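Only a predicted model underlies this, so the values are computations on that prediction, with no experimental measurement involved. Labels below follow one simple rule: chain letters A, B, ... track the order of the sequence lines, proteins then strands, and each chain is numbered from 1. Computed from heavy atoms alone, side chains included, the values below leave out hydrogens, waters and symmetry copies.
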Number of protein chains: 2
Amino acid sequence: MRAEETAALRGLRLFEGIAEPTFTDLVAAGYLQFFPPGVTLIRASDPADFLHVVIEGVVELYAATAGRETTMELVRPVGAFILAAVLSDQVYLQSARTLTRARILMIPAERVRRWMAQDAAFMSAITVELARGYRQAIKALKNQKLRTAAERLANWLIIVAAEQGTPGAVEIDIEKRVLASRLGMTPENLSRAFATLAGHGAQTRGTHIDITDPAALRAFANPDPLIDGPE
Amino acid sequence: MRAEETAALRGLRLFEGIAEPTFTDLVAAGYLQFFPPGVTLIRASDPADFLHVVIEGVVELYAATAGRETTMELVRPVGAFILAAVLSDQVYLQSARTLTRARILMIPAERVRRWMAQDAAFMSAITVELARGYRQAIKALKNQKLRTAAERLANWLIIVAAEQGTPGAVEIDIEKRVLASRLGMTPENLSRAFATLAGHGAQTRGTHIDITDPAALRAFANPDPLIDGPE
DNA sequence: CGTTTATTTGAAAACGCTCAAGCTCTGTGG
DNA sequence: CCACAGAGCTTGAGCGTTTTCAAATAAACG
């Protein structure tokens, strides 16, 4: 692993402020691997053997039941996933697959648990990260229960425009079908939601969205820090 | 607080295995109070000052935005709520109100954080509880995104029948409007969902549901341990 | 290019919501 | 004990949203 990648890893909230030996050993114990797009990394109901960290690429967490499937979350660098299952030594609730070519660091769950018991700072960082994930899940549930499809899209646009640092535009770098699933709707409905937002200050052309009237979009979206807030 | 209640508190996962002084101090620092039904205990967006523990009664966690409101969770004895906000010293994402007369133990957040730093066993218990809550939220999101209203009700019936220890029947002890909101639908729609389930082995009469054909109900509900599992 | 895959559009059906009215149950006061 | 008021629940009708199915268009890939 290159030095700059190690540094990036250090920036992960999960590894913030933990002792150097802990960090070094965790990284050393991990398997760093490239995967092509479309590879299933973990399968729901399997025991949690590894903590996964996305170093490069995009990973989709998804869940399925009774023949239906939905995207739960998209993980980008540098982000860890499936922490909760690893900690409690339980099965995964979600599956994960690569959407792009991706570089993944896989740290044996047993090693994570061992260091957690030995390094108080690591334990503390895990707690913070768990709490963050928990709150994010609560927000996702509120988003799903309290908003219509078009509203979810509008708020997503506002968030992503800010993340991309382009207040007036959004560039979609994933398939729209995946975006639709993440936002809890069908691809067809996503198309229609985009059409709806054309009347509220957001013009879509392929993967590029121009936010021509931010005020109108915000008025329609009704963003709420208790749902859309970062943290 | 009576000895039997202290014992019940000890049974809370959060207090499992922690040092006696920690437990004693946390309980001693807490305010134990009765509340009548309908009292708002905490309000979303307020800073998290207390960890709340339900000793008696039922508490509803709910969330609202843009004039809409939904029930997020129902907390019964002995259960703690809003742990994540307390730990990270952040604002509440959800509001809470009593549905019945309720007895609540309120432990100052600052005290929880202090003991967390000092008692490794407590820290560990918190991590386990956080992970549990996190996974529960993920399950709730899967439930909401992957199932229809009637399916959510059917699975809820199966779960509650087991909890109540009566495989062939369920007794509803909350208002149906609250149940509807918890299951992510309107009261009208809940009525229709009950009507639908009459054709799948569940007969409803007021607050009493007879599961006349468990196999048929299960066939309709399609229960999935990765959504409905206890743990 | 031509083939495959993704996205959009259209039409119909299913689902869920709103509004309104009727019903049931409960508790209260006559 | 009964009548009644109020709250909660159910039912019906209509509407808007979302999904499904099918087809057309656009984009991506070899």
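The distance from atom CD of B:Glu175 to atom P of D:dT10 is 12 Å, rounded to the nearest whole Å. Rounding to whole angstrom units, CD of residue A:Glu151 and P of D:dT18 are separated by 9 Å. As rounded to whole Å, 13 Å separates atom C1' of D:dT17 from atom CZ of B:Arg68. Atom CG of B:Leu183 and atom P of C:dG16 are 12 Å apart (whole Å). Distance B:Arg205 CZ to D:dT10 C1': 16 Å, rounded to the nearest Å. In this entry the distance linking CD of A:Glu69 with P of D:dT20 reads 13 Å, nearest Å. What separates CZ of A:Arg192 from P of D:dT20 is a distance of 12 Å, to the nearest Å. When rounded to the nearest whole Å, the span between CD1 of B:Ile172 and C1' of C:dT24 equals 15 Å.
Close to D:dT19, at under 4.0 Å from its OP1 or OP2, lies a side-chain N or O of A:Thr186.
Taking every side-chain heavy atom of A:Asn189 into account, D:dT18 is the closest of D:dT10, C:dT8, D:dT18.
Within 6.0 Å of the CZ atom in B:Arg68, the count of heavy atoms belonging to other residues, nucleotides or ligands exceeds 12.
Residue side chain B:Glu188 reaches the base of C:dC19 through a donor-acceptor N/O pair under 3.5 Å, judged by distance alone.
Across A:Val53 and A:Leu12, no two heavy atoms sit closer than the pair CG1-CD2, 4.0 Å.
Side chains of B:Thr207 and B:Glu171: a donor on one and an acceptor on the other come within 3.5 Å.
Comparing B:Gly206 and A:Arg147 by the nucleotide of DNA chain D whose heavy atom lies nearest to each, the residue mapping closer to the 5' end is B:Gly206. Mapping A:Thr207 and A:Gly184 onto DNA chain D via the closest heavy atom, the residue that lands nearer the 5' end is A:Gly184.
Under the ring-ring contact (aromatic ring centres under 6.0 Å, His included) criterion, the residue pairs touching residues 59-86 of chain A are A:His52-A:Phe81, with sequence neighbours excluded.
Using a 4.0 Å heavy-atom cutoff across all strands shown, A:Ala149 reaches sugar-phosphate atoms only and no base atom.
A cation-pi arrangement is absent between B:Lys139 and B:Tyr134 under the rule of less than 6.0 angstrom and at most 45 degrees off the ring axis.
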